[in-house]
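To start, the structure under review is shown below, and the notes come after it.
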Amino acid sequence: DGGITQSPKYLFRKEGQNVTLSCEQNLNHDAMYWYRQDPGQGLRLIYYSQIVNDFQKGDIAEGYSVSREKKESFPLTVTSAQKNPTAFYLCASSIAPFGPYEQYFGPGTRLTVT
Amino acid sequence: KNEVEQSPQNLTAQEGEFITINCSYSVGISALHWLQQHPGGGIVSLFMLSSGKKKHGRLIATINIQEKHSSLHITASHPRDSAVYICAPHLGALGGSQGNLIFGKGTKLSVKP
């Protein structure tokens with residue numbers, strides 16, 4: 001079955017610690033995206049990658065970092081510089097970066113930082 | 001900047017009712033997505049449309065690109081339709097730091113048996 005996996009589903013961290021969220025896809029998609037969702041707000045783009053070894057900042061990239069060393073994987077690191085990291089994080093992919101193409105979403109990771 | 005407006009924000013219906021969720025947007029787009037987010041958080045794509053109407057089972061989506069408006073209809077609603085429905089206009093080529101999708105805040109639908 002093709003799809004996107006994110007792990008873990010729930011993650012708890014202490015303030016000041018970096019944490020990495022995993023995103024893997026076996027859809028052979030070129031483009032991958034990280035979104036953040038906060039209560040009462042629409043999804044906001046953190047980073048996106050059009051192709052391996054390339055990524056671009058989204059609207060709210062400050063305090064986050066990504067890598068795209070493999071087509072299948074697009075991990076997101078939430079650094080201690082992110083002032084309000086507690087949120088629901090969604091990874092998505094599409095067959096190509098330009099479109100319109102359907103985006104496929106992972107199940108999400110809920111991060112709580114105390 | 002509210003480029004995407006959905007209405008209503010919350011909707012409670014009785015099983016069997018006909019549901020309409022509206023989406024208005026202010027930017028030029030090439031297509032529009034309707035997404036469904038279940039209580040667990042996962043999101044699935046229901047429709048992507050750039051003109052006219054699409055139907056899938058009890059779900060119907062319409063769009064008027066000139067009027068910058070789209071609607072999602074659910075016929076014969078059922079409790080399993082309870083979810084958040086999100087409108088996401090597609091900007092076409094990557095819109096810079098916004099990416100190529102912008103998202104409404106969602107409409108929370110609750111269907112009572």
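Sequence lines set the chain letters: A, B, ... in the order given, protein chains first and strands last, and positions in each chain run from 1. Computed from heavy atoms alone, side chains included, the values below leave out hydrogens, waters and symmetry copies.
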Answer whether the closest heavy-atom distance between the side chains of B:Val44 and A:Tyr104 falls below 4.5 Å.
no
Search all heavy atoms of B:Met48 against all heavy atoms of A:Glu102 and return the closest pair with its distance.
SD-N, 3.9 Å
Step through the shown structure and confirm whether more than 12 heavy atoms of other residues, nucleotides or ligands are within 6.0 Å of NZ on B:Lys108.
no
Against chain B, label A:Tyr47 side chain, backbone, both or neither, depending on which of its atoms sit under 4.5 Å from a heavy atom there.
neither
For a quick test of your reading: what N or O donor-acceptor pairs under 3.5 Å do the side chains of residues 74-85 of chain A make, sequence neighbours left out?
| residue | atom | partner | partner atom | Å |
| --- | --- | --- | --- | --- |
| A:Thr77 | OG1 | A:Thr20 | OG1 | 2.9 |
| A:Thr79 | OG1 | A:Gly63 | O | 3.0 |
| A:Thr79 | OG1 | A:Ala81 | N | 3.2 |
| A:Gln82 | OE1 | A:Asn84 | N | 3.0 |
| A:Gln82 | NE2 | A:Glu62 | O | 2.9 |

Check whether B:Ile86 gets within reach of chain A through its side chain, its backbone, both or neither, counting any heavy atom under 4.5 Å.
side chain
Considering only heavy atoms, which portion of B:Leu35 lies under 4.5 Å from any heavy atom of chain A: side chain, backbone, both, or neither?
side chain
Assigning hydrophobic clusters by single linkage (Ile, Leu, Val, Met, Phe, Trp, Tyr; side-chain heavy-atom cutoff under 4.5 Å), is A:Val113 placed with A:Tyr89?
yes
Could you tell me which portion of A:Gln37 (side chain, backbone, both or neither) has an atom closer than 4.5 angstrom to a non-hydrogen atom of chain B?
side chain
On a heavy-atom basis, the closest approach of A:Leu43 and B:Phe103 is O-CD1, 3.4 Å
Contact summary for A:Gln103 and B:His33, nearest pair of heavy atoms:
N-CE1, 4.4 Å
Hydrophobic cluster membership, with links at side-chain heavy-atom distances under 4.5 Å among I/L/V/M/F/W/Y: are A:Leu21 and A:Ile4 in one?
no
Residue A:Gln17 excluded, over 12 heavy atoms near CD under 6.0 Å:
yes
How about B:Lys53: does its NZ atom have over 12 heavy atoms from other parts shown lying under 6.0 Å from it?
no
Would a hydrophobic clustering, with Ile, Leu, Val, Met, Phe, Trp and Tyr connected at side-chain separations under 4.5 Å, put B:Leu46 with B:Leu11?
yes
Minimum heavy-atom separation for B:Gln37 to A:Phe88, with atom names?
NE2-CE2, 3.7 Å
